[in-house]
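These notes concern the structure reproduced below.
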Amino acid sequence: MIDRYPFIFSNEFKYRFKRHFAFWFCWWIFQAILYSMVAVNSAYYFSLRIQSSTLEALIYLIPHMFMAYTLMYFVLPVYVLKQKYWMAATWVIILSLATAGLSATLGITIIQTIRICVLGSLYNGAPESQPVNAVFLSLMAGLRGAITIGGVAAAIKLMKYWYIKEQRNLQLQKENLASQLQLLKAQIHPHFLFNTLNNIYSYTQKVSPTASTLVIGLSDLMRYILHEGSRQSVLLSKELKMINDYISLEQVRYGNSLDINKEMPADTGDLHIAPLLLLPFVENCFKHGTSGMLEQPWIRLLVEAEGNKMKMTLMNAKFPGATKKEPVSGIGISNVKKRLALLYPDKHQLTITEEEDIYIVNLSIELESIPKAVILKEVTEMSYA
């Protein structure tokens with residue numbers, strides 16, 4: 001949708017500038033014509049009225065923009081979209097009073113000067129030239145226009161927000177459907193597979209303890225991918241445990257030759273994350289880093305949870321001869337970027353840095369904290385549905 005209609009939906013500066021310029025230009029022309037037609041100016045020639053009203057409308061754009069942009073970029077995202085309606089109403093009243101004061105100030109200073117210069121003696125004797133009347137008229141002109149255009153701008157912003165959110169949900173549903181189809185194709189008799197793994201585990205316990213550890217670890221990992229991978233979100237602690245188990249499986253392959261340093265939070269509370277979102281980054285370390293190194297492979301993983309934000313820093317050595325495109329352009333990383341854009345729009349930051357002998361991934365996500373009681377209620381409702 002953004003590619004088809006960049007003028008409307010794109011956040012690139014050139015499109016945003018054109019979009020806002022067109023919006024305010026149309027509003028300025030409309031206000032100029034409207035002010036030239038009001039009864040208070042009917043005593044003057046139209047040529048004088050249009051000159052004065054054009055300049056007045058341009059000046060009144062200041063309080064209009066103040067009201068509109070404060071509503072769009074402060075009241076809506078901070079209060080309305082977070083369902084804090086009483087606070088939103090309070091701020092609308094405060095902004096209306098501030099806009100009225102700004103309009104009155106401009107009216108008795110700049111607007112008065114414009115009218116005197118354009119209308120001359122015709123204006124000096126008119127009732128609206130009196131200070132009290134001038135303040136009242138300028139206050140009403142600025143406030144009325146500010147509330148109108150502020151409401152229009154806020155409505156457009158909300159409509160655009162909900163439309164983009166709906167399109168994102170539809171795209172996410174398509175992505176999830178495609179993932180589920182791929183998962184179903186891979187789920188060929190999963191019970192048979194797990195039973196076979198259990199049989200192998202029982203056999204290898206006597207033959208090779210190391211092999212039995214690998215089998216049970218692989219079984220747990222596959223069970224997590226099959227069962228938890230279809231959920232919308234899982235506990236962050238579960239996701240981190242799965243990452244830890246995966247690293248343990250890989251570490252067996254390298255033995256003491258692989259240097260791994262892991263730091264994960266002991267308690268992540270009720271924080272939830274989309275399943276299998278972090279695994280591709282860790283897989284990438286082994287695929288493009290340690291697996292191609294002959295000497296001293298190493299990985300550093302640091303995960304922090306502060307409030308509702310999770311931060312992950314992942315570093316691994318770069319093996320000789322690695323190209324710059326390999327680790328960052330694979331299907332796994334590409335899919336993760338798409339999932340992040342869909343699941344956490346404007347709530348994540350991802351940077352992948354490649355230096356001469358090291359790859360660095362920095363990821364931060366604002367997660368949701370879902371109480372266990374809510375999850376149990378949803379599970380119960382689903383079971384009776």
Side-chain angles (χ1 to χ4, degrees), residues 217 220-221 224-225 228-229 233-293 295-320 322 324 326-341 343-370:
D220 291 340
L221 185 62
Y224 180 89
I225 294 174
E228 305 294 337
S233 65
V234 296
L235 280 168
L236 178 60
S237 57
K238 281 189 176 182
E239 184 78 359
L240 295 180
K241 181 181 182 302
M242 185 271 297
I243 295 293
N244 190 62
D245 292 343
Y246 173 81
I247 293 176
S248 297
L249 284 175
E250 288 283 2
Q251 197 168 10
V252 174
R253 294 171 53 196
Y254 297 93
N256 296 329
S257 63
L258 176 61
D259 180 15
I260 294 183
N261 190 335
K262 299 176 295 183
E263 291 186 30
M264 298 183 183
D267 182 17
T268 57
D270 296 326
L271 290 181
H272 278 65
I273 190 172
L276 306 176
L277 198 62
L278 306 180
L279 182 60
F281 295 111
V282 181
E283 284 183 307
N284 206 63
C285 290
F286 290 97
K287 181 179 179 181
H288 298 286
T290 58
S291 63
M293 293 192 65
E295 297 179 359
Q296 298 180 340
W298 59 268
I299 293 175
R300 300 289 183 270
L301 173 62
L302 172 63
V303 180
E304 299 174 289
E306 300 177 0
N308 282 2
K309 180 171 288 189
M310 184 216 71
K311 297 180 181 178
M312 182 185 75
T313 301
L314 184 59
M315 297 182 290
N316 67 277
K318 175 182 175 183
F319 66 86
K324 288 188 176 182
E326 281 184 344
V328 295
S329 61
I331 296 176
I333 299 300
S334 176
N335 288 341
V336 171
K337 289 181 178 179
K338 291 179 181 178
R339 291 186 68 198
L340 285 169
L343 295 170
Y344 302 101
D346 303 322
K347 292 184 178 181
H348 78 279
Q349 289 183 340
L350 171 64
T351 57
I352 301 178
T353 306
E354 177 182 0
E355 298 183 359
E356 184 177 356
D357 57 354
I358 186 176
Y359 294 118
I360 305 173
V361 176
N362 285 293
L363 173 65
S364 65
I365 311 176
E366 293 182 24
L367 303 176
E368 291 186 355
S369 180
I370 306 177

Separation between [atom1] of [X] and [atom2] of [Y], rounded to the nearest 0.5 Å:
X      : Y      : atom1 : atom2 : value
Leu277 : Leu236 : CG    : CG    : 10.5 Å
Ser237 : Ile273 : OG    : CD1   : 11.0 Å
His348 : Ser364 : NE2   : OG    : 8.5 Å

Item to check | Verdict with reasoning, Tyr224 to Leu279, per side chain to side chain contact (heavy atoms under 4.5 Å, CB included) | outcome: CA-CA 12 Å; Tyr224 180 89; Leu279 182 60; over 6 Å; no
With a 4.5 Å heavy-atom cut-off, do [X] and [Y] have their side chains touching?
X      : Y      : result
Pro265 : Val303 : yes
Leu301 : Met264 : yes
Leu302 : Met312 : no
Ile358 : Ile360 : yes
Glu306 : Lys311 : yes
Val336 : Leu278 : no
Asp259 : Arg300 : yes
Leu240 : Asn244 : no

Minimum heavy-atom distance [X]-[Y], with the two atoms named:
X      : Y      : value
Ile365 : Leu340 : CD1-CD2, 3.9 Å
Ala274 : Arg339 : CB-NH2, 3.7 Å
Leu276 : Glu239 : N-OE2, 2.9 Å
Ile299 : Cys285 : CD1-CB, 3.8 Å
Leu350 : Lys337 : CD2-CG, 3.9 Å
His272 : Tyr344 : O-OH, 4.4 Å

More than 12 heavy atoms of other residues, nucleotides or ligands under 6.0 Å from [atom1] of [X]: is that the case?
X      : atom1 : answer
Lys262 : NZ    : yes
Asp346 : CG    : no
Glu304 : CD    : yes

Checklist entry - Would Phe281 and Leu363 satisfy side chain to side chain contact (heavy atoms under 4.5 Å, CB included), going step by step from the backbone distance to the final call? => result CA-CA 10 Å; Phe281 295 111; Leu363 173 65; 4.1 Å; yes
Checklist entry - By ring pair (Phe, Tyr, Trp, His ring centres under 6.0 Å), which residues pair with Tyr246, not counting sequence neighbours? => result Phe286
Checklist entry - Asn308 and Leu271: side chain to side chain contact (heavy atoms under 4.5 Å, CB included), yes or no, with the steps? => result CA-CA 7 Å; Asn308 282 2; Leu271 290 181; 3.7 Å; yes
Checklist entry - Given Ile243 and Ile247, is the side chain to side chain contact (heavy atoms under 4.5 Å, CB included) satisfied, shown in steps? => result CA-CA 6 Å; Ile243 295 293; Ile247 293 176; 4.0 Å; yes
Checklist entry - Can you name the residues that form a side chain to side chain donor-acceptor pair (under 3.5 Å) with Thr313, not counting sequence neighbours? => result Asn362
Checklist entry - Short question: side chain of Tyr359, backbone of Leu314 - any donor-acceptor pair under 3.5 Å? => result no
